[in-house]
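Inspection log for the structure reproduced underneath, given as structure tokens.
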Amino acid sequence: WWLVPGVLSLVAFAWLLTLAPSDFAGRAYAAYGGIYIAASLLWLWGAEGQRPDAWDVMGGALAVLAAAIILFAPRAT
């Protein structure tokens, strides 16, 4: 049963990526990487029963921060 939400999440991601203008699809995919790391740590905790340690949490927070920088950095148009 764990495969169902996983597959649905991947399908939703692929569909949402098609909504981004092609000029920005690479940036959206790069930002997704940071979110994927954080979600993987949540999976580690929730599904596998292993609580992330301080290094996991710091790495996940850094990845989410990096994703936010990629997404929200001011850019010249």
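Owing to the predicted nature of the structure, the values given are computational and were not obtained by experimental measurement.
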Open item on the list: Please give me the minimum heavy-atom distance between Ile70 and Arg27, naming the atom from each residue.
Closed with: CG2-CG, 3.2 Å

Open item on the list: Could you work out, with side chain to side chain contact (heavy atoms under 4.5 Å, CB included) as the rule, every residue matching Leu44, not counting sequence neighbours?
Closed with: Leu41, Glu48, Gln50, Pro52, Asp56

Task: Contact summary for Ala67 and Ala31, nearest pair of heavy atoms - done: CB-O, 3.4 Å

Task: Connected hydrophobic set around Phe72, excluding itself, where side chains approach under 4.5 Å - done: Leu71

TODO: List in chain and number order the residues that pass side chain to side chain contact (heavy atoms under 4.5 Å, CB included) with Val4, two or more places apart in sequence or in another chain; answer none if no residue qualifies.
DONE: Trp1, Leu8

TODO: List, by chain and number, the other hydrophobic cluster members for Met58, where Ile, Leu, Val, Met, Phe, Trp and Tyr join if side-chain heavy atoms come within less than 4.5 Å, directly or indirectly.
DONE: Trp55

Open item on the list: On a heavy-atom basis, which atom in Val64 and which in Gly34 lie closest, and how many Å separate them?
Closed with: CG2-O, 4.1 Å

Task: Set of side chain to side chain contact (heavy atoms under 4.5 Å, CB included) partners for Ile37, sequence neighbours left out - done: Ala63

Open item on the list: Who clusters with Trp45? Use side-chain heavy atoms, under 4.5 angstrom, across I, L, V, M, F, W and Y, and order the result by chain and number.
Closed with: none

